[in-house]
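A quick write-up on the structure given underneath.
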Amino acid sequence: MAITEQPPPSRLRTWMLEGLSDMGKQGGHTGPHAQPEPPHKGQRWWRVMCLTGVDYFSTLGYQPGIAALAAGLLSPVATIVLVIVTLAGALPVYRRVAEESPHGEGSIAMLERLLTFWKGKLFVLTLLGFAATDFLITITLSAADASTHLVENPHLTSTLHDKQMLITLILVALLGAVFLKGFLEAIGVAVALVAVYLALNVVVVIVGVWHVATAGHVITDWSSALTAEHGNVFAMVGVALLVFPKLALGLSGFETGVAVMPHVQGDEGDTEEDPRGRIRDTKKLLTAAALIMSVFLIATSFITTLLIPEKEFESGGQANGRALAYLAHEYLGGTFGTVYDVSTIAILWFAGASAMAGLLNLMPRYLPRYGMAPHWARAVRPMVIVFTLVGFLVTWIFDADVDAQGGAYATGVLVLMSSAAIAVTIAARRAQQRGWTIGFAVVSAVLLYVTVANVVERPDGVKIGACFIAGIILISLLSRLARAFELRVTSVTLDDMAERFVRDMASRKMRFIANEPDQRDKAEYRDKIEQIRADNDMPEQEDFVFVEVTVTDPSEFEASLTVRGEVLHNRYRVLTLESSSVPNALAALLLHVRDSTSCTPHMYFEWTEGNPFANFLRFFLFGQGEVAPVTREVLREAEPDRARRPRVHTG
């Protein structure tokens, strides 16, 4: 399928598309004019863990304060419940997701296989809308939280008190600039930030535990007050379950963990079809991150609840949204506290890095394949610019308010986690693993409860998610419409019989008849030939080869084409092929025949009865409709040179 040579791309275009292989996509053609991508070497699993960890671990900046506000004295117990759900529920679910979908598509790909045709595409677009909500709000919320820590620093409050919007926009822009520079640079920054931040938190936790241990009355006072307020252990657990949805924000680290899975190096013998080393190391990544975070969550909720007065957690209090920073200043002095503030601000800013990496891996795997995004959407740098601009818009809409974005963030996280749990439950059931099926079903029920509870309490999250979903579906359908006449066959392969037909016709005029297979009896082919000869005033001696296309899944966009030849009724030569679109398949076949024989093929059609607009909708949705003019338009776009363009005849 040759096309007229294009002038060499500009330096800017070359630089923008240079990152196509940075994100570790599967190799192979991505379209009719795309080149194969080199394999991605990947990074050690612990380095990739740091990339997801900037999102997961950075929640220590606000999680203890959220737990204290939601559960009060019960905060450590509620946090233990969160840890149990994390280790016994979310971790096994995402370890299974990594095994079932090792190329970074996550649970969305697992659920995609359950639905076909347009309903499957719309379902995936809906989940992508929630994924976009999760990842984009992670970027903007983290940047807004970092700017809040900066503005509320005692030394900077007077100078920056009204500059939060500007600071947040600058932080989002800086994050985009890191990814424009290169993905390896993003991982390097993440490793440094996580190492420093966790080390500082270890110091704060040790000092906090020491103060709790040396002031024995603190534990006694807390346990007495807890018993007086809630009575018994069962009541405590019940209340902890009720407040659990408010504590589930940090669980987004699991979704980003599988989303950036293609960056994990794995073993040298790994293949795209069987990446065992990548799966094993991703499981290490998920497990290590969950264990580290669980220890920190329990320890920090314990020391902050016991050492910080309750009123300081409330709005306007010195520990509001920065409980550990409060302890750092209180017990380790202003110098250490300032260093801790800087580290917290840095990791909160860069928490959007894992979300950006997840977006850059997830969106290009679906939208271009569906024809619902331009080809450049597979490149890293253009998508970084798009996501950064959307981040600016979200920040402006929410006025860089952390609380206003919390509902949307939690909704996106919980919907994706619920879908992941449901997906692995179905996978376990199909594998006839009864124990795992029951276990995953229980986890699914818990996560669905948390999701529904969050939606009931904060319905604004669903509204915001619906806006993302509507935007993605609208833009996707418009893109699909704009690319409707694009040649979207990646390759054409002819079997031996089909090759023989083409070679035989190459010695004279190459004439094909587009035929919609019906009875496929002798009368059908005889009548079709007589009709074509009469409509086009052709002599009796002209011979033809019939071409019959069977539409498979019209919602698919790109696919390869296999052409098979057969002789029916000992007389009529027929080429049969399957495709998502009749006009695109016919155009691809004509271009392939032209290139392989250096002859100009002719194809003959009859007009399709009916309203032209209705026929176009049939083509757009079902791959059929008015075939002749659409085939001609696809050929016109694919081959600008009229002299080399295959001929289309309609009678």
Side-chain angles (χ1 to χ4, degrees), residues 9-25 30 34 37-38 40 42-43 47-48 50-52 54-55 104-106 128-129 131-144 146 168-191 193 252 255-256 259-263 346-369 372-396 412 468 471-472 475-476 479:
S10 65
R11 292 180 64 183
L12 176 61
R13 177 181 173 83
T14 301
W15 180 79
M16 289 292 287
L17 300 181
E18 184 182 10
L20 267 170
S21 62
D22 281 359
M23 302 308 293
K25 277 180 72 277
T30 55
E37 298 176 16
H40 177 62
Q43 297 285 313
R47 288 176 61 84
V48 181
C50 291
L51 181 64
T52 65
V54 291
D55 175 19
E105 304 99 324
L128 287 176
T133 304
D134 176 11
F135 292 150
L136 281 168
I137 297 294
T138 296
I139 293 172
T140 58
L141 183 147
S142 299
T168 303
L169 292 174
I170 292 174
L171 292 177
V172 173
L174 287 175
L175 180 67
V178 171
F179 276 84
L180 286 176
K181 174 64 177 174
F183 181 69
L184 294 180
E185 285 77 3
I187 287 186
V189 172
V191 171
L193 288 177
S252 64
E255 192 65 38
T256 53
V260 300
M261 187 174 174
H263 311 307
I347 198 168
L348 281 170
W349 158 64
F350 208 65
S354 60
M356 180 72 82
L359 283 168
L360 293 173
N361 181 68
L362 197 61
M363 295 298 178
R365 289 185 177 275
Y366 290 98
L367 298 184
R369 177 161 61 87
M372 294 177 171
H375 282 301
W376 55 258
R378 287 188 171 98
V380 173
R381 290 187 174 115
M383 294 304 291
V384 169
I385 293 174
V386 170
F387 294 141
T388 302
L389 292 176
V390 175
F392 288 164
L393 178 63
V394 171
T395 299
W396 176 72
F468 275 98
I472 285 181
I475 293 172
S476 297
S479 175

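The structure displayed is predicted, hence computed values, not measured ones.
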Check: Rounded to the nearest 0.5 Å, how far apart are OG1 of T168 and CD1 of I139?
Finding: 13.5 Å
Next item on the list: Mind listing the closest non-hydrogen atom pair of A190 and C50 along with its distance?
Entry: CB-O, 3.7 Å
Next item on the list: Determine, stepwise, if the pair L136 / T140 fulfils side-chain contact (heavy atoms from CB on, under 4.5 Å).
Entry: CA-CA 6 Å; L136 281 168; T140 58; 5.7 Å; no
Item checked: Shortest non-hydrogen contact between F350 and V54, atoms and distance -> O-CG2, 3.3 Å
Check: Partners of T52 by side-chain hydrogen bond (donor to acceptor under 3.5 Å, both in side chains), sequence neighbours excluded?
Finding: none
Next item on the list: Kindly compute the distance separating CG (L174) from CG (L169), expressed to the nearest 0.5 Å.
Entry: 11.0 Å
Note to self: Would you compute the distance between atom CG of L389 and atom CD1 of I385 and round it to the nearest 0.5 angstrom?
What the structure shows: 7.5 Å
Next item on the list: Could you check if a side-chain atom of L175 sits within less than 4.5 angstrom of a side-chain atom of L171, using non-hydrogen atoms only?
Entry: no
Notebook entry, point to check: Do you know the tightest heavy-atom contact between T388 and G176?
Noted result: OG1-CA, 3.6 Å
Notebook entry, point to check: How many angstroms lie between CZ in F135 and CG in L128, if you round to the nearest 0.5 Å?
Noted result: 10.0 Å
Item checked: Test log, rule side-chain contact (heavy atoms from CB on, under 4.5 Å), inputs V48 and M261 -> CA-CA 8 Å; V48 181; M261 187 174 174; over 6 Å; no
